[in-house]
Amino acid sequence: MHLLSLLSGRKKLVLIFLILGAIQSNALKLNLTDSNGTCLYAEWEMNFTITYEVTNQTNRTITIAVPDKVTHNGSSCGNDQNGAKIMIQFGSTLLWGLNFTKESSHYSIHNITLSYNTSDSTTFPGAVDKGVHTVTLPEKFEVPLDVIFKCNSVLPFNQNPVVQRYWGIHLQAFVQNGTVSKNEQVCKEDQTVTTMAPVIHTTVPSTTTTLTPTSVPIPPPTVGNYTITNGNTTCLLATMGLQLNITEEKVPFIFNINPATTNFTGSCHPQSAQLRLNNSQIKYLDFIFAVKNEKRFYLKEVNVNMYLANGSAFNISNNNLSFWDAPLGSSYMCNKEQVISVSRTFQINTFNLKVQPFNVTKGEYSTAEECAADSDLNFLIPVAVGVALGFLIIAVFISYMIGRQKSRTGYQSV
Ligand SMILES: *[C@@H]1O[C@H](CO)[C@@H](O)[C@H](O)[C@H]1NC(C)=O
Ligand SMILES: *[C@@H]1O[C@H](CO)[C@@H](O)[C@H](O)[C@H]1NC(C)=O
Ligand SMILES: *[C@@H]1O[C@H](CO)[C@@H](O)[C@H](O)[C@H]1NC(C)=O
Ligand SMILES: *[C@@H]1O[C@H](CO)[C@@H](O)[C@H](O)[C@H]1NC(C)=O
Ligand SMILES: *[C@@H]1O[C@H](CO)[C@@H](O)[C@H](O)[C@H]1NC(C)=O
Ligand SMILES: *[C@@H]1O[C@H](CO)[C@@H](O)[C@H](O)[C@H]1NC(C)=O
Ligand SMILES: *[C@@H]1O[C@H](CO)[C@@H](O)[C@H](O)[C@H]1NC(C)=O
Ligand SMILES: *[C@@H]1O[C@H](CO)[C@@H](O)[C@H](O)[C@H]1NC(C)=O
Ligand SMILES: *[C@@H]1O[C@H](CO)[C@@H](O)[C@H](O)[C@H]1NC(C)=O
């Protein structure tokens, strides 16, 4: 038995008017309850810019704001077994909805879908291609359980021919004990709004990957541990901090991969091994290792498919790489920053790297072959110490000689 209440009222958000021009929108408020109290709470604003074909290959672009009257048939709170849903119907033909799936420490938001019917000539005057069109965002967002997620910044999602924009979000799905949490999680966009950083298109809160223009000093990425098992046995080990550098535009975009919000999978075979990372921004980032001459392994291939700040997809593959080369039965290690140049526009900076894609025994790394950059440094330390000691001995000897000289002349002058 659900007690539903949905309110809609005009909100006067001056800032939003500045950003979006004259498009006014209504705040939506959805408070779903069950016998224990609130089970899903959401407050948000949204609008949609849709481009559709009129005549002779000319397009018209309209922006649809949420009207006063909406219905929410089909929305539900869900539980551990069944996901929660928000479904909104408005105008004569528009449907909007999304799904929530509960996981152990968080829930994910996915299948954000908008359907519109271009046969509706009031909303889509002159549309040529009449019919129902549906766009579903490919993104999946993760929100921790038991917090209220807040995001005032405008989050735009561009998926041709529709741009969806969301803002003024207060959201908690899978509310426990019937009361909305007092703990807030503020989105990244709200935290960085004063620095004019490019808006990143994810609602994953502060623990997510960061996207910063290079003019800002970039913190090194957090080191993550990635292990792949084959049946019960660990067959691939990787420990590394990863920073992606995309130079599609003049200003490179630098992403630090946050291991806490990144999933990984993979597989091990006699001649190849794969490690695949993915998170809300990265559909996949593959590291594929190969064996050469039955003696050594190396990183042969990197494939990436991810979303850029403006929402467009970026993908690059290179299966002709040669990095992280070490004998089979050992691991490869590089503590210093290393640059894996995948393409002209894509490089991966690695930090505190250790990998072993083959012949892992007892789930532990074997002896490491260290990169040249590390061993140069290790070699230089004893040299530097030796040189310093040498100077010290010479200095002591000289001062001793000067001392002797002085005391001798002293005796003579008496
Ligand atoms: C949601 O509705 C319940 C029951 O009507 C009410 O007790 C609660 O205060 C509401 N929560 C919010 C955040 O408005
Ligand atoms: C209400 O709360 C109790 C205790 O936490 C829980 O066992 C029960 O499943 C809840 N009811 C619903 C409808 O979620
Ligand atoms: C999302 O919800 C819709 C509507 O209930 C449903 O048809 C769809 O299968 C759901 N998708 C997923 C991935 O759960
Ligand atoms: C789309 O809108 C047209 C005109 O309003 C209507 O006849 C048609 O049934 C609608 N299609 C769907 C699938 O709702
Ligand atoms: C819900 O209530 C139970 C028992 O009263 C308590 O142990 C638990 O911490 C509460 N959970 C939240 C999220 O407040
Ligand atoms: C995994 O380990 C368990 C217990 O050690 C064993 O019974 C099972 O057969 C193993 N499975 C595989 C696929 O090796
Ligand atoms: C990113 O790549 C560009 C072009 O290769 C390079 O000039 C820049 O220094 C790189 N930035 C970082 C932080 O690696
Ligand atoms: C997004 O940015 C990339 C890289 O600058 C560019 O190639 C692409 O056309 C842009 N996409 C959109 C939809 O603006
Ligand atoms: C692969 O790389 C090698 C050396 O870097 C180069 O000589 C060769 O042409 C490349 N092959 C392809 C197919 O790009």
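Atoms within each ligand, like the ligands themselves, are counted from 1 in listed order.
The closest side-chain heavy-atom distance from Arg296 to Pro327 is below 4.5 Å. Contact check for Phe255 versus Met306: side-chain heavy atoms found under the 4.5 Å cut-off. The closest side-chain heavy-atom distance from Asp325 to Tyr332 is not below 4.5 Å. With a 4.5 Å cut-off on side-chain heavy atoms, Pro221 and Ile257 do not count as touching.
Interface atoms of ligand 2 facing Ser35, defined by a heavy-atom separation under 4.0 Å, are 13 (C). For ligand 4, the atoms lying closer than 4.0 Å to a non-hydrogen atom of Val132 are 11 (N), 12 (C), 13 (C).
Taking each of Asn36, Asp34, Thr33 in turn, the one with a heavy atom nearest to atom 3 (C) of ligand 2 proves to be Asn36. Relative to atom 5 (O) of ligand 7, the option among Gln243, Glu337, Gln347 with the closest non-hydrogen atom is Gln347. Which of Thr122, Asp120, Asn117, Leu95 comes nearest to atom 8 (C) of ligand 4 through a heavy atom is settled by distance: it is Asn117. Taking only non-hydrogen atoms, the option from Thr345, Thr247, Ile254, Asn245 nearest to atom 11 (N) of ligand 7 is Asn245.
Defined by atom type and a distance below 3.5 Å, a donor-acceptor pair is missing between the side-chain atoms of Asn245 and Gln243. In this model, a donor atom of one side chain and an acceptor atom of the other lie less than 3.5 Å apart for Ser366 and Gln356.
Of the listed residues (Lys130, Glu53, His133), just one forms a side-chain hydrogen bond (donor to acceptor under 3.5 Å, both in side chains) with Thr118, and that residue is His133.
Shown here, atom 14 (O) of ligand 4 is in close reach of the protein: a heavy atom of it lies under 4.0 Å off.
In terms of N/O distances under 3.5 Å, ligand 4 is not approached by Thr93.
With a heavy-atom cut-off of 4.0 Å, Asn349 touches ligand 7 through its side chain alone.
For atom 4 (C) of ligand 4, the nearest protein heavy atom (residue, atom name, distance) is Ser119 CB, 3.7 Å.
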